[in-house]
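Order of the sequence lines fixes the chain letters, A, B, ..., with proteins taken first and strands second; residue numbering starts at 1 for each chain. Because only heavy atoms are used, hydrogens play no part in the values below, and waters and symmetry mates are left out as well, while side chains stay in.
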Number of protein chains: 2
Amino acid sequence: MEPARVAEPRPYHHGDLRRALVEAGRRLLEAENGSDISLRAVAREAGVSPAAPYHHFRDKSELLDALAIEGWDQLAEQMRADLALTDPGQDRLVALGIAYVRFSRENPAIYRVMFDCSQNHEAMPSKLREEGAYRLVCDALIESGLDPSDEMGLELAGTAVWCAAHGVAEMVGFREFSPLKAHLGGEEAFLRAVLGQLTLFAAERKSPAG
Amino acid sequence: MEPARVAEPRPYHHGDLRRALVEAGRRLLEAENGSDISLRAVAREAGVSPAAPYHHFRDKSELLDALAIEGWDQLAEQMRADLALTDPGQDRLVALGIAYVRFSRENPAIYRVMFDCSQNHEAMPSKLREEGAYRLVCDALIESGLDPSDEMGLELAGTAVWCAAHGVAEMVGFREFSPLKAHLGGEEAFLRAVLGQLTLFAAERKSPAG
DNA sequence: TGCATATCTTATCGTTGTCAAGATTGGCTT
DNA sequence: AAGCCAATCTTGACAACGATAAGATATGCA
């Protein structure tokens, strides 16, 4: 393994090192299986000295924050795309959940960074609620019969769905589930079944059974 | 801060250093807010050299494994205790979920180690399924009307409950939920509502509505 | 043109995980 | 009971890490 690309005589001032560092970080997260990304490795990948990042990020966690924000954007985009491809007859809430979990399966390191970052801040990224994936969930809930004027009811349901999706995303890889997956006919069917159970309450709301 | 207890002239051979290291680790996890426990710090706390642990654990992750196993045991114990105190009229499944989340709230560092360890092994600790908290969930599911002979149905429901509980445990601290918590009358009520929604399918099973 | 400032580098510190080699001890063999 | 072996613990070392300080270099504005 050669030391990245040293040949190119980069000018002393990089131009947009911040951007380059974020992209280098994303590249490493996609490549590495273990998500423990090192700030020095990111600098190396970007072709700068170990101390250079500190002129653009206060510390390592701020770089991870930037990577997390990109990740949440990417997730929302993918969920929107998957939702557009969903058959009208199918449960759109479950489709969103499957898209969420699929993203976490295909980008495990990035997803880990995304959620760790949220946990450190004890908050979801604000954009998520306003224009991101959370809004898609709320729309699907209203579509499935929830009263849009009942703000707290909607909030409760959205919270429940989000927690369920995250829980499934973090556990779906466990080996104990293999027999059940096989029995149900694969991981997608497994996800459909589990998420279907957990979002049953949305269907229940259609009939005002209290 | 003094260097733990150096005064006691410990004999060259410790007696049961493995045990002492696990307990030192647990002590540090309870004290530290950030769960990043350092192997050297554990050795320091136990009063031995930085290399001593390597005669009892292959590497740092094996020490964490041992801490995780203790944690899962402790969780099962607490869930059993909480379940015993539950009012017969209340939903036992929700009570178990609340106990689970409460444990993760009161022992965040230990819980993090527990779950990280599970994720690294892509498996829950085996004792969990056989005699631990998972069995309590299955019992509660059967009690709520699930057909005990339908193994895969029970597995699916248990899986769903476990995923939901984990998801809630990891997100309950988010600030975005504060308004909803306040509206529902506190965190316990919040948990009861969210977990109640997510485990609605268990109640549904009572009536064979398909 | 000249200078303040932003940017990047080199050098360094303290910490960590891990290993190798030596010191010390407990227990088994005879 | 004497002696050796293996387990245990120590010291010492290495590479990698996050982070800071001090110096080099380029940019942009006066």
Side-chain angles (χ1 to χ4, degrees), chain A residues 1 3-25 28-29 31-68 109 112-113 116-117 120, chain B residues 1 3-25 28-29 31-68 109 112-113 116-117 120:
Chain A
M1 195 166 76
R5 51 214 67 138
V6 191
E8 319 169 12
R10 184 181 44 72
Y12 196 92
H13 282 61
H14 184 285
D16 193 357
L17 181 55
R18 184 191 163 94
R19 181 82 220 139
L21 286 169
V22 171
E23 280 172 12
L28 289 184
L29 280 181
E32 303 271 328
N33 13 7
S35 67
D36 293 1
I37 188 101
S38 125
L39 191 61
R40 292 175 104 105
V42 175
R44 222 170 310 154
E45 170 76 16
V48 293
S49 78
Y54 287 90
H55 292 271
H56 300 270
F57 303 97
R58 191 139 38 85
D59 53 15
K60 177 183 176 178
S61 83
E62 260 198 7
L63 207 211
L64 294 182
D65 287 358
L67 285 166
R112 174 58 76 109
V113 167
D116 282 3
C117 171
N120 290 347
Chain B
M1 195 167 76
R5 48 215 68 136
V6 192
E8 319 169 13
R10 184 183 43 72
Y12 196 93
H13 282 62
H14 183 285
D16 193 358
L17 181 55
R18 183 190 165 95
R19 181 84 220 137
L21 286 169
V22 171
E23 279 173 12
L28 289 184
L29 280 181
E32 303 269 329
N33 11 7
S35 65
D36 293 359
I37 187 99
S38 125
L39 190 60
R40 292 176 104 105
V42 175
R44 221 158 9 205
E45 171 77 17
V48 294
S49 79
Y54 286 89
H55 292 270
H56 301 271
F57 303 97
R58 190 141 40 87
D59 53 14
K60 178 183 176 180
S61 83
E62 259 198 10
L63 207 210
L64 295 181
D65 287 358
L67 285 167
R112 175 55 76 108
V113 168
D116 281 4
C117 171
N120 290 346

Validation row: [X], [Y] side chains within 4.5 angstrom (heavy atoms):
| X | Y | result |
| --- | --- | --- |
| B/Val42 | B/Pro53 | no |
| B/Tyr54 | B/Leu39 | yes |
| B/Leu17 | B/Val48 | yes |

OP1 or OP2 of [N] versus the side-chain N and O atoms of [X]: is any pair under 4.0 Å?
| X | N | answer |
| --- | --- | --- |
| B/His56 | D/dA7 | no |
| B/Arg44 | C/dT16 | yes |
| A/Ser38 | D/dA16 | no |

Can you identify which nucleotide, out of [options], has its nearest atom closest to the [X] side chain?
| X | options | answer |
| --- | --- | --- |
| B/Asp59 | C/dC8, D/dA19, C/dT18 | C/dT18 |
| A/Leu17 | C/dG17, D/dG18, C/dC8 | C/dC8 |
| B/Ala51 | C/dT9, D/dT11, D/dG18 | D/dT11 |

Without decimals, in angstroms, what is the distance between [X] [atom1] and [N] [atom2]?
| X | N | atom1 | atom2 | value |
| --- | --- | --- | --- | --- |
| B/Tyr54 | C/dG17 | OH | P | 6 Å |
| B/Leu21 | C/dG17 | CG | P | 13 Å |
| A/Arg40 | D/dT20 | CZ | C1' | 12 Å |
| B/Phe57 | C/dT16 | CZ | C1' | 18 Å |
| A/Asp16 | C/dA6 | CG | C1' | 14 Å |
| A/Leu63 | D/dA19 | CG | P | 11 Å |
| A/Asp36 | C/dG17 | CG | P | 12 Å |
| A/Ile37 | D/dA16 | CD1 | P | 16 Å |

| said: Using heavy-atom distances to pick each residue's nearest nucleotide on DNA chain D, tell me which of A/His55 and A/Pro50 is more 5'. | reply: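 Comparing both residues, the 5'-ward one is A/Pro50.
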| task | Working to the nearest 0.5 Å, report the span between CG of A/Leu63 and CD1 of A/Ile37. | result |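 Spacing of CG (A/Leu63) from CD1 (A/Ile37) equals 8.5 Å.
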| query | Does any N or O in the side chain of B/Asp59 come within less than 3.5 Å of the main-chain N or O of B/Glu62, such that one atom is a donor and the other an acceptor? | reply |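 Yes.
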